[in-house]
Engineer: 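Input: one structure, supplied below.
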Amino acid sequence: MASGDDSPIFEDDESPPYSLEKMTDLVAVWDVALSDGVHKIEFEHGTTSGKRVVYVDGKEEIRKEWMFKLVGKETFCVGASKMKATINIDAVSGFAYEYTLEINGKSLKKYMENRSKTTNTWVLHLDGEDFRVVLEKDTMDVWCNGKKMETAGEFVDDGTETHFSIGNHDCYIKAVSSGKRKEGIIHTLIVDNREIPEISC
């Protein structure tokens, strides 16, 4: 492809939204689990050209050329809830750089640790399809494969149940007290009267 045009390196209709050939300055890739799914963030940093490019799920979000200051920040949004993300570019020594990702003002590690306390995640296979169900404990919002679900809450003898459907499958998240102060409330996903094991994000 010596013509220098912008056509993709793939000939068929299945071409990705960006060309792998163009991502020569790729320096960092992060996978970020949010309620609406796992998002891939990629960052290109051309230290000789001053180029900075941010991709979220393969879509170009930021492109800056000829940045003479090689350190700094790039801020953008991720996911359906437009979560604020920032890539920090710091010089470590000489021409070596360190790239860190912050989500909502916290390092990715701290954000994920906090997220594991505020959400529950389950992955299940129904009717030949994979589903990722996320409960946001602070709002009791339920997400399935990136969509916020319509739910109905119900008080039961030993706690609460949050009902929703996946296709024609009846689902609910049961919330019961653990009886232990440190453990708090235990959330369990039940699909077609079968308990689904929780995964750690």
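The residues of the chain are indexed from 1 along the displayed sequence. The basis for the numbers below is simple: all heavy atoms, side chains too, and nothing from hydrogens, waters or symmetry mates.
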Engineer: Could you walk me through whether His169 and Asp127 satisfy the side-chain contact (heavy atoms from CB on, under 4.5 Å) test, starting with their C-alpha distance in whole Å, then the side-chain angles of each, then the deciding distance to 0.1 Å, before giving a yes or no?
Structural biologist: CA-CA 10 Å; His169 297 274; Asp127 304 327; 2.8 Å; yes

Engineer: Going from CD on Glu42 to CG on Asp31, what distance comes out if it is rounded to the nearest 0.5 angstrom?
Structural biologist: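 If we round to the nearest 0.5 Å, Glu42:CD and Asp31:CG are 9.0 Å apart.
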
Engineer: Report the distance from atom CG of Asp141 to atom OG1 of Thr151, rounding to the nearest 0.5 Å.
Structural biologist: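 Reported value, rounded in 0.5 Å steps: 7.0 Å.
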
Engineer: Could you tell me whether Glu150 atom CD has more than 12 heavy atoms of other residues or ligands within 6.0 Å of it?
Structural biologist: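 Not more than 12 within 6.0 Å, no.
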
Engineer: Please report the closest heavy-atom contact between Ala80 and Asp36, naming both atoms and the distance.
Structural biologist: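 Closest heavy-atom pair between Ala80 and Asp36: N-OD2, 2.6 Å.
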
Engineer: Indicate yes or no: at least one non-hydrogen side-chain atom of Glu198 is less than 4.5 angstrom from one of Thr121.
Structural biologist: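 Side chain of Glu198 against side chain of Thr121, heavy atoms only: no contact under 4.5 Å found.
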
Engineer: Which distance, rounded to the nearest 0.5 Å, do you find between the CZ of Phe43 and the OG1 of Thr100?
Structural biologist: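 With rounding to 0.5 Å, CZ (Phe43) is 10.5 Å from OG1 (Thr100).
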
Engineer: Taking atom NZ as the centre, does Lys137 end up with more than 12 heavy-atom neighbours from other residues, nucleotides or ligands that are less than 6.0 angstrom away?
Structural biologist: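 More than 12 within 6.0 Å, yes.
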
Engineer: With no hydrogens and no angle check, just 3.5 Å: does a side-chain donor-acceptor pair link Tyr97 and His45?
Structural biologist: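 Result is no, nothing qualifies.
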
Engineer: Counting only N and O atoms by type, is there a donor-acceptor contact under 3.5 Å from the side chain of Asp57 to the main-chain atoms of Gly79?
Structural biologist: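 Checked: no pair found.
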
Engineer: Identify the two heavy atoms, one from Ser178 and one from Ile186, that lie closest to each other, and give their separation to 0.1 Å.
Structural biologist: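 Answer, listing the atom of Ser178 first, then Ile186: CB-CD1, 3.5 Å.
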
Engineer: So, for Thr47 and Leu70, which heavy atoms are closest and what is the spacing to 0.1 Å?
Structural biologist: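 Heavy-atom minimum between the residues: O-CD1, 3.6 Å.
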
Engineer: If you define the side chain from C-beta out and look only at heavy atoms, does anything of Ile62 sit under 4.5 Å from Arg52?
Structural biologist: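 Contact flag for Ile62/Arg52 side chains = no.
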
Engineer: With the side chain counted from C-beta on, respond yes when Val78 and Phe76 share a heavy-atom pair under 4.5 Å apart, and no when they do not.
Structural biologist: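 The answer is yes; the side chains approach within 4.5 Å.
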
Engineer: Please report the C-alpha distance between Thr75 and Thr86 in whole Å, then the side-chain angles of each, then the deciding distance to 0.1 Å, and finally whether the side-chain contact (heavy atoms from CB on, under 4.5 Å) criterion is met.
Structural biologist: CA-CA 4 Å; Thr75 300; Thr86 302; 3.2 Å; yes

Engineer: To the nearest 0.5 Å, what is the distance between CG (Asn88) and CD (Glu102)?
Structural biologist: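 Result: 4.5 Å between the selected atoms.
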
Engineer: Output the distance between atom NZ (Lys147) and atom OG (Ser35), rounded to the nearest 0.5 Å.
Structural biologist: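 It is 15.0 Å, given to the nearest 0.5 Å.
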
Engineer: Considering all heavy atoms of both residues, which atom of Arg132 and which atom of Leu34 are nearest to each other, and what is their separation?
Structural biologist: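 Looking at all heavy atoms of both residues, the shortest contact is NH1-O, 2.9 Å.
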
Engineer: Of Thr188, Thr160, Asp158, Thr162, which meets side chain to side chain donor-acceptor pair (under 3.5 Å) against Lys174?
Structural biologist: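 Of all the options given, the one that passes is Asp158.
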
Engineer: If two hydrophobic side chains count as joined below 4.5 Å and joins carry through other members, does Tyr99 share a cluster with Met112?
Structural biologist: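 Same cluster: Tyr99 reaches Met112 through Ile, Leu, Val, Met, Phe, Trp or Tyr contacts under 4.5 Å.
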
Engineer: Show the nearest heavy-atom pair for residues Cys144 and Phe131, with the distance to one decimal.
Structural biologist: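 Residues Cys144 and Phe131, closest heavy atoms: SG-CD2, 3.6 Å.
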
Engineer: Honestly curious: do Ile173 and Met140 fall in one hydrophobic cluster under the side-chain, below-4.5 Å linking rule?
Structural biologist: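 Looking at the clustering, Met140 is in the same group as Ile173.
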
Engineer: Please determine whether residues Val32 and Ile89 belong to a single hydrophobic cluster, defined as Ile, Leu, Val, Met, Phe, Trp and Tyr linked transitively by side-chain heavy-atom distances below 4.5 Å.
Structural biologist: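 They do share one cluster, since a chain of ILVMFWY contacts under 4.5 Å joins Val32 to Ile89.
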
Engineer: Is the closest side-chain heavy-atom distance between Ile41 and Glu61 below 4.5 Å?
Structural biologist: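 Counting from C-beta outward, Ile41 and Glu61 never come under 4.5 Å.
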
Engineer: Do Val133 and Val142 make a side-chain contact, defined as non-hydrogen atoms from C-beta onward lying under 4.5 Å apart?
Structural biologist: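 In short, these two side chains touch, coming nearer than 4.5 Å.
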
Engineer: When you check the side-chain N and O atoms of Tyr55 and Glu44, is any donor under 3.5 Å from an acceptor?
Structural biologist: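 Looking only at side-chain atoms, Glu44 and Tyr55 do form a donor-acceptor pair, the distance falling under 3.5 Å.
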
Engineer: In this structure, would Ile166 and Leu135 fall into the same cluster of hydrophobic residues linked by side-chain contacts under 4.5 Å?
Structural biologist: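 Both belong to a single hydrophobic cluster.
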
Engineer: Quick one: does Arg115's side chain get under 4.5 Å of Val134's, heavy atoms only?
Structural biologist: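 Result yes, sub-4.5 Å side-chain heavy-atom pair found.
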
Engineer: So which heavy atom on Ile196 is nearest to which on Trp122, and how close?
Structural biologist: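 Heavy atoms of Ile196 and Trp122 come nearest at O-CD1, 3.2 Å.
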
Engineer: Applying the 4.5 Å side-chain criterion to the ILVMFWY set and letting contacts propagate, would Val176 and Ile190 be lumped into a single cluster?
Structural biologist: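 As far as the 4.5 Å side-chain criterion goes, Ile190 and Val176 are not connected within one cluster.
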
Engineer: side-chain contact (heavy atoms from CB on, under 4.5 Å), that's the test. Do Asp170 and Ser165 meet it? Break it down for me.
Structural biologist: CA-CA 5 Å; Asp170 293 325; Ser165 295; 4.2 Å; yes

Engineer: Please test Lys64 against Glu74 for salt bridge (Lys or Arg N to Asp or Glu O under 4.0 Å), starting from the C-alpha separation and ending with a verdict.
Structural biologist: CA-CA 10 Å; Lys64 295 181 179 173; Glu74 293 300 333; 3.0 Å; yes

Engineer: Yes or no on side-chain contact (heavy atoms from CB on, under 4.5 Å) for Trp30 and Ile87, after CA distance, side-chain angles and deciding distance?
Structural biologist: CA-CA 10 Å; Trp30 297 274; Ile87 296 173; 3.8 Å; yes

Engineer: I want to check something: taking the side chain as every heavy atom from C-beta on, are Lys106 and Asn114 in contact at a cut-off of under 4.5 Å?
Structural biologist: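 Yes, side chains in contact.
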
Engineer: Within the 4.5 Å heavy-atom criterion, are Val71 and Asp90 side-chain neighbours or not?
Structural biologist: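 Heavy-atom side-chain distance check fails, nothing below 4.5 Å.
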
